[in-house]
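Step one of this worksheet: look at the structure below.
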Amino acid sequence: MYEAYFNNRFTNTLVFYVFLLLVLVVSPFLFAWELVNSIRSCFRFKENMSGKVVLITGASSGLGELMAYEYAKLGACLVIISTKKPESRLELVADRARELGSLDVLSIFADVSKVDDCRMFVDDTIKHFGRLDHLVCNAGIGALYSINHDVTKFTPVIDINFWGSVYPTHFAIPHLMKTNGKIIVNASCAGVLNPPRGGFYNASKAALISFYESLRFEVSPTITITILTLGYIQTNFITAKYSSNSVGVRLRKDMRDVVPTMDAEPCVKAVIDGIRKGATFITEPRFIKALFLIQFLFPQLHQFYFNMYFPSKNRKVKRVE
């Protein structure tokens with residue numbers, strides 16, 4: 001019935017601008033709706049975490065570590081996961097979480113990119129605590145891609161960032177069904193905005209968003225899925241030192257010296273607060289939401305501001321053998 005409109009170049013373009021105009025017309029109402037929902041969220045009931053069991057991957061540093069501390073302050077029991085490396089701080093994180101109020105902390109060294117390891121730590125959680133309430137899929141690595149690099153070196157980015165969330169989710173779902181639990185996945189705004197040099201990192205985060213958006217239809221409302229689309233947060237993840245240990249492009253300076261960033265602690269507090277209120281999406285800093293809209297409706301403007309923050313002279317890279 002409508003094929004003729006889309007087959008004709010003029011009418012196809014016309015339909016786009018008509019829809020765009022409609023969006024602009026209703027945008028004040030959408031803004032008011034967002035404002036009302038934000039105000040309502042301030043008074044929404046917060047889940048009591050005392051005695052509940054929270055499993056966090058990638059918990060030895062960064063956002064995972066800080067999330068463990070926030071849950072500990074609320075009296076939750078923790079299962080914290082990290083890869084076993086000489087510099088791993090997992091046991092120190094466990095001790096600190098106990099000091100902050102966690103009733104019990106189980107620390108496990110595991111590789112989230114291996115399906116058997118994921119099955120193991122979910123099973124160990126159930127054996128130790130008998131339940132699971134929150135699964136926080138936070139483990140991830142970042143490697144800046146360039147066509148000058150060996151493409152096969154980026155396989156771990158997909159394995160850890162994507163499969164490292166999907167595997168534990170698969171094994172945790174039966175247990176979360178019993179507790180009306182929550183799945184929290186750190187997908188990053190990079191999965192939507194696709195910043196320069198993101199390459200495989202962006203792709204892995206976009207895959208997470210698509211997977212968990214689809215999964216909602218199978219597990220909701222029994223299990224709540226919260227997708228985090230965070231911007232640049234001040235952790236070691238966005239430092240030049242971190243990139244120097246990666247397989248990809250090396251940063252010349254910390255990202256906080258180039259783009260607007262948010263302190264990690266207020267970010268984590270906002271995230272945990274949103275999770276306890278049952279939020280399905282959490283974006284911090286909040287202005288990132290506006291960038292999502294610009295990216296979809298005005299792609300040329302989206303490209304302009306990325307070129308402004310990442311001019312070509314700053315994107316030159318040396319080949320890493």
Output every pair passing ring pair (Phe, Tyr, Trp, His ring centres under 6.0 Å) with a member in [range], not counting sequence neighbours, ordered by first then second residue.
range            : answer
residues 70-97   : Y71-H134
residues 274-296 : none
residues 107-129 : none

Without swapping roles, check the side chain of [X] against the backbone of [Y] for a donor-acceptor pair under 3.5 Å.
X    : Y    : result
N202 : P195 : yes
T261 : Y232 : no
D117 : D111 : yes
T155 : T152 : yes
S204 : Y201 : yes
T235 : L63  : no
T179 : L132 : yes
S82  : G58  : no
R216 : T280 : yes

### Message
Under a 3.5 Å threshold, yes or no: a donor from one side chain and an acceptor from the other, between E91 and S107?
### Response
yes

### Query
For residues S165 and Y212, is any side-chain donor paired with an opposing acceptor at under 3.5 Å?
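Their side chains do not contain a donor-acceptor pair, so the 3.5 Å distance test is not met.
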
### Query
Going through the distances and angles, do D273 and I275 end up as a side chain to side chain contact (heavy atoms under 4.5 Å, CB included)?
CA-CA 6 Å; D273 189 64; I275 292 169; over 6 Å; no

### Message
With side chain to side chain contact (heavy atoms under 4.5 Å, CB included) as the criterion, how do D104 and L78 come out once you've worked through the C-alpha distance, each side chain's angles and the decisive distance to 0.1 Å?
### Response
CA-CA 6 Å; D104 192 2; L78 299 177; over 6 Å; no

### Message
With salt bridge (Lys or Arg N to Asp or Glu O under 4.0 Å) as the rule and sequence neighbours excluded, what pairs involving residues 13-33 come up?
### Response
none

### Query
If you look only at pairs with a residue in residues 155-169, which of them pass as a salt bridge (Lys or Arg N to Asp or Glu O under 4.0 Å), with sequence neighbours excluded?
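Listed by first then second residue: nothing to list.
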
Taking side-chain hydrogen bond (donor to acceptor under 3.5 Å, both in side chains) as the test, write out the residues that go with [X], two or more places apart.
X    : value
S61  : none
D133 : R131
T125 : none
S102 : none

### Check: E65 and R89 side chains under 4.5 Å, non-hydrogen atoms
yes

### Contact check, side chains of I272 and L74, non-hydrogen atoms, under 4.5 Å
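When only atoms from C-beta onward are counted, L74 and I272 do touch, with a gap below 4.5 Å.
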
#### Entry: Contacts of M177 that satisfy side-chain contact (heavy atoms from CB on, under 4.5 Å) - sequence neighbours left out
I173, V219, T222, I223

#### Entry: For F171, side-chain contact (heavy atoms from CB on, under 4.5 Å) partners two or more places apart
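Scan of F171 (side-chain contact (heavy atoms from CB on, under 4.5 Å), adjacent residues dropped) gives V115, C118, R119, V122.
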
### Task
Tell me, please, which residues at least two apart from F200 pass ring pair (Phe, Tyr, Trp, His ring centres under 6.0 Å).
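Result, ring pair (Phe, Tyr, Trp, His ring centres under 6.0 Å) vs F200: Y145, F154.
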
Check for me, please, whether [X] and [Y] land in the same ILVMFWY cluster - side-chain distances under 4.5 Å, paths through other members count.
X    : Y    : result
V151 : F162 : yes
L293 : Y17  : yes
L103 : M67  : no
M120 : V53  : yes

### Query
Rounded to the nearest 0.5 Å, how far apart are CD1 of I282 and SG of C267?
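Answer for the CD1-SG pair, I282 versus C267, is 9.0 Å.
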
### Query
To the nearest 0.5 Å, what is the distance between CD1 (I288) and CG (L193)?
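Atom-to-atom, I288:CD1 and L193:CG are 6.0 Å apart.
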
### Task
Would you sort out whether L230 and V271 count as a side chain to side chain contact (heavy atoms under 4.5 Å, CB included), showing the intermediate values?
CA-CA 9 Å; L230 306 180; V271 165; 4.1 Å; yes

### Message
Checking T229 against T283 for the side-chain hydrogen bond (donor to acceptor under 3.5 Å, both in side chains) test, could you report, in this order, the C-alpha distance in whole Å, the side-chain angles of both residues, the deciding distance, and whether it holds?
### Response
CA-CA 5 Å; T229 47; T283 303; 2.6 Å; yes

How far apart are the closest heavy atoms of [X] and [Y], and which atoms are they?
X    : Y    : answer
S188 : K205 : CB-CG, 3.8 Å
A76  : V54  : CB-CG2, 4.0 Å
I183 : L215 : CD1-CD2, 4.4 Å

### Task
Kindly check if the number of other-residue, nucleotide or ligand heavy atoms within 6.0 Å of CD (E265) is above 12?
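Open.
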
### Message
Walk me through whether Q295 and L301 qualify under side chain to side chain contact (heavy atoms under 4.5 Å, CB included).
### Response
CA-CA 8 Å; Q295 195 264 351; L301 178 58; over 6 Å; no

### Message
Quick check on salt bridge (charged side-chain N to carboxylate O under 4.0 Å, His left out): which of K277, K182, R276 does E47 satisfy it with?
### Response
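Answer to the salt bridge (charged side-chain N to carboxylate O under 4.0 Å, His left out) test with E47 among K277, K182, R276: K182.
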
